[in-house]
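Notes follow once the structure below has been shown.
In this chain, residues are counted from 1 in sequence order. No experiment lies behind these values; they were computed from the predicted model shown. All values below were derived from every heavy atom in this structure, side-chain atoms included, with hydrogens, water molecules and symmetry-related copies excluded. Note that ligands are numbered from 1 as they come in the structure, with each ligand's atoms numbered from 1 the same way.
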Amino acid sequence: MKIICIGQNYLEHIKELNSAIPDEPVFFMKPDTALLLDNKPFYLPDFSSDIHHEVEIVLKINRVGKNIAEEFAHKYYEELTVGIDFTARDIQKQQKTKGLPWEKAKSFDFSAPMGKFVPKKKFARMNNIGFHLDINGKTVQKGNTSDLLFSFDKVIAFISKFVTLKIGDLIYTGTPVGVGPVKIGDKLEAYLEDEKLLVFEVK
Ligand code: MG
């Protein structure tokens with residue numbers, strides 16, 4: 001199983017990080033050791049002093065695919081949820097400045113908390129799904145898939161040109177505006193529409 005994450009997929013988030021608008025999807029990967037399941041607590045790592053939350057919709061791939069056509073991409077996932085793409089922003093800034101890969105900032109252990117999956121048939125359209133993240137009861141990030149630069153289907157088609165998708169692979173589809181640091185004691189709650197699918201504490 002692999003975790004593929006899309007960067008820079010919501011315009012307002014690109015602006016908040018002063019990044020350039022990409023002309024094709026940007027992706028990177030996290031190893032399976034990044035997964036954090038069952039609402040287990042996230043322990044702040046000691047190598048960073050600026051761990052940021054990035055709430056994202058996560059797709060679970062349900063069939064093997066290579067060079068998937070965009071028009072058929074919707075057949076490659078049946079379930080979705082919300083997850084957090086934890087990012088050591090201080091390290092990422094250093095890596096960006098040096099032109100180095102982001103893995104050190106993105107792929108560390110338990111950097112990918114993930115919620116409970118729900119069937120996609122619960123939603124009328126994939127391009128109008130709201131999601132948000134609350135910290136200690138206050139909404140800090142709020143997004144809607146209508147604002148995606150690259151739709152779920154475009155992302156699946158694009159990734160599969162380069163990397164074969166396999167059953168159980170996960171795609172984190174990008175974060176909306178409002179990223180920021182977490183601290184010990186924070187309670188994170190992530191929702192797809194009004195349904196809470198992920199809740200955990202930072203320790
Ligand atoms: Mg992200």
Side-chain angles (χ1 to χ4, degrees), residues 1-37 42 44-45 48 50-61 77 80-96 100-115 129-135 139-152 154-156 158-159 162-163 165 169-182 186 188-192 197-198 200 202:
M1 185 276 294
K2 54 190 175 287
I3 305 169
I4 303 165
C5 304
I6 305 297
Q8 303 166 354
N9 209 9
Y10 287 90
L11 191 58
E12 295 304 314
H13 168 64
I14 294 169
K15 288 184 189 167
E16 76 180 338
L17 291 189
N18 293 316
S19 299
I21 298 169
D23 51 15
E24 59 180 31
V26 174
F27 71 89
F28 58 91
M29 295 198 205
K30 294 186 189 239
D32 57 1
T33 41
L35 263 191
L36 182 60
L37 299 173
F42 172 75
L44 269 186
S48 168
D50 198 23
I51 297 286
H52 275 203
H53 54 79
E54 296 189 355
V55 70
E56 313 200 358
I57 292 179
V58 183
L59 313 177
K60 188 197 281 179
I61 295 298
Y77 67 100
L80 57 166
T81 187
V82 277
I84 307 291
D85 165 21
F86 272 129
T87 303
R89 195 71 71 201
D90 44 359
I91 295 175
Q92 189 192 32
K93 279 178 190 157
Q94 294 166 10
Q95 300 296 90
K96 279 182 172 174
L100 291 172
W102 297 358
E103 269 76 0
K104 218 168 98 179
K106 287 283 197 180
S107 305
F108 53 88
D109 289 352
F110 309 121
S111 60
M114 189 173 72
I129 301 174
F131 62 109
H132 68 277
L133 172 68
D134 290 358
I135 299 186
T139 300
V140 294
Q141 284 191 269
K142 197 170 176 345
N144 189 292
T145 56
S146 60
D147 295 320
L148 279 168
L149 289 184
F150 303 103
S151 68
F152 295 163
K154 277 201 164 70
V155 157
I156 288 170
F158 184 80
I159 294 169
F162 304 93
V163 180
L165 293 175
D169 285 352
L170 302 166
I171 302 179
Y172 280 59
T173 55
T175 198
V177 70
V179 301
V182 293
D186 282 348
L188 278 68
E189 296 169 292
Y191 295 74
L192 255 190
L197 298 177
L198 173 65
F200 66 97
V202 178

Would you please classify the geometry between the Phe27 ring and the Phe162 ring as parallel, tilted or perpendicular, with 30° and 60° separating the classes? tilted

Between Lys106 (side chain) and Phe28 (backbone), is there a donor-acceptor pair under 3.5 Å? no

With the Mg ion (ligand 1) as the point of reference, which N/O/S atom of Glu54 is the closest? OE1

Of all N/O/S atoms in Glu56, which lies nearest to the Mg ion (ligand 1)? OE2

Answer yes or no: is there an ion pair linking Lys142 with Glu12, defined by an N-O contact shorter than 4.0 Å? no

Examine Phe42 together with Phe86 and report whether their ring centres are nearer than 6.0 Å. yes

Could you pull out the atom name of the N/O/S atom in Asp85 that is nearest the Mg ion (ligand 1)? OD2

